[in-house]
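One-based numbering along the sequence shown. In each ligand, atom 1 is the first atom listed, and ligand 1 is the first ligand listed.
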Amino acid sequence: MSEQSEGAARPLSLRAEGPLSGNVKVPGDKSISHRSLMLGALAVGRTTVSGLLEGEDVRATAAALQAMGALVAQKDDIWTVDGVGVGGLLEPESVLDLGNSGTSARLFMGLLASHPLTATFIGDGSLQKRPMGRVVEPLTRIGARFVSREGRLPLTMTGTEQPLPIDYTLPVASAQVKSAVLLAGLNTPGDMIVREPTVTRDHSERMLEAFGAKLSIRQTGEGKQICLHGQANLLPMNIIVPGDISSAAFPLVAALIVPGSEIEVTGVGLNPTRTGLIDALRLLGAKIDIREGKPAGSEPVGDIGVRAGPLVGTSIPAVLAPLMIDEYPILMVAAAFAEGETEMRGLEELRVKESDRLAVMAEGLAACGVPVRLLSDGIVITGSGGAPVVGGATVASHLDHRIAMSFAILGLNAARPIIVDDARPVDTSFPGFVELLCTLGASQQES
Ligand code: S3P
């Protein structure tokens with residue numbers, strides 16, 4: 001968002017005059033896209049990637065890799081990465097601007113921790129507020145050194161020539177921290193061990209194995225244990241990136257809350273560490289059909305169909321949180337139309353995302369006439385039972401793409417328009433969001 005913040009805000013208000021219908025595809029998975037480019041850059045030879053998310057976050061990763069010597073190019077919808085080999089990244093001559101992307105920042109810190117070079121990371125106002133201490137701590141134990149303001153960006157790091165393998169138990173359920181340590185392990189002689197008491201998305205493990213890294217994974221009484229044996233030789237790959245379930249979540253919930261709708265989103269990644277939203281929506285009573293298709297490499301893929309129907313308030317188990325952490329804002333929108341109360345807990349991590357999503361959602365829902373009770377680790381939402389919410393508010397997106405899209409979707413079934421003050425952050429993860437909703441029958445309202 002750094003460039004965007006220089007231009008004018010782009011308000012957004014959507015409405016639906018009738019049911020939504022159709023069959024759509026969403027852009028590629030953001031997590032898998034970042035990892036495709038990063039691992040491609042560390043392989044020796046040319047990796048090709050199709051279906052890459054061409055959002056700003058992934059472009060920030062591509063630009064940073066270019067600045068460190070990998071060649072990243074695009075021809076039509078195929079991206080190529082000419083990798084430099086593990087240990088071959090060069091010191092960037094300029095600061096690395098990672099925009100809004102926490103994944104880029106944390107994964108790059110891991111990647112560079114075991115390279116003897118110095119890099120400075122900067123980001124937009126949102127990224128500057130996000131805690132980096134969670135990666136700085138284990139990477140310091142590996143031997144990297146960091147200078148920052150209270151563990152936040154701007155941050156300068158110097159990786160080490162003699163990295164030490166560590167045995168690290170994740171203190172917070174974070175795939176980014178897990179991935180940072182594993183990526184540092186690629187150029188570290190010996191066994192880098194990460195213990196994960198709570199399951200988090202496992203794209204890094206799947207892709208590292210596919211690129212030829214030596215990985216052993218065990219389930220223990222205390223959770224999952226991942227051991228990466230370095231130094232690795234990575235082989236280039238042809239990668240197909242599936243649609244992002246975190247983006248599919250928006251049209252799916254849109255169809256659930258606009259009466260009479262029926263839609264299908266095809267080619268969506270269905271990795272079981274990402275599908276908590278489907279379970280949560282089914283707990284609310286949503287009618288969802290899933291058709292499994294051909295996997296994309298090591299990632300399961302399928303089509304998801306939904307029909308609008310009555311939703312009933314319930315308690316969303318906290319164990320689902322790491323399996324759908326990015327989908328809570330849009331789940332809260334679904335809950336706003338359920339009959340009765342929906343309670344969601346175990347959501348402390350939402351406070352350190354692109355915005356404090358717990359506080360921002362509570363405030364925005366309340367402004368739109370949805371009764372909410374904010375808890376320290378969650379929220380209780382009293383739904384309308386399917387009737388339009390009051391609306392008639394302008395909601396701030398706080399440089400947060402998922403907040404912007406969630407309130408745009410809420411506006412589809414509101415008595416009075418809901419205006420998102422600035423929808424530019426949407427481009428970080430879901431270019432074409434508005435056009436896709438319009439394809440399904442929504443329209444953009446002049447604001
Ligand atoms: C991501 C992990 C999650 C998620 C983020 C992408 C990843 O963050 O919220 O959007 O690609 O590893 P945490 O690791 O902080 O939970």
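Residue-ligand proximity, Ile325 to ligand 1, at heavy-atom distances under 4.0 Å covers atoms 9 (O). Close contacts of ligand 1 with Asp326, meaning ligand atoms under 4.0 Å from a residue heavy atom, involve 4 (C), 5 (C), 9 (O), 10 (O). Remark: ligand 1 atoms within the under-4.0 Å shell around heavy atoms of Ser31 are 1 (C), 6 (C), 7 (C), 11 (O). Residue Ser174 has at least one heavy-atom neighbour below 4.0 Å for each of these atoms of ligand 1: 13 (P), 14 (O), 15 (O), 16 (O). Within ligand 1, counting atoms from 1 as listed, the ones closer than 4.0 Å to a heavy atom of Ala175 are 12 (O), 14 (O).
Only the side chain of Arg35 comes within contact range of ligand 1, with a heavy atom under 4.0 Å; no backbone atom does. Neither the backbone nor the side chain of His34 has any atom closer than 4.0 Å to an atom of ligand 1 (non-hydrogen atoms only).
With sequence neighbours excluded, the residues that form a side chain to side chain contact (heavy atoms under 4.5 Å, CB included) with Thr169 are Arg195, Pro197. Residues passing the side-chain hydrogen bond (donor to acceptor under 3.5 Å, both in side chains) test with Lys25, sequence neighbours excluded: none.
For Asp422 and Ser397, the side-chain atoms include no donor-acceptor pair closer than 3.5 Å.
Atom CG of Leu281 and atom CD of Glu327 lie 9.5 Å apart (nearest 0.5 Å).
In summary, of the residues considered (Ile325, Asp326, Leu347), a side-chain contact (heavy atoms from CB on, under 4.5 Å) with Arg357 occurs for Asp326 alone.
Ring pair Phe250/Phe433 is perpendicular by interplanar angle, where above 60° counts as perpendicular and below 30° as parallel.
At least one heavy atom of Lys30 sits under 4.0 Å from some atom of ligand 1.
Of all non-hydrogen atoms in Ser376 and Leu358, the two that sit nearest each other are O-CD2, 4.1 Å.
Between atom 16 (O) of ligand 1 and the options Arg357, Glu349, Lys353, the minimum heavy-atom separation is to Lys353.
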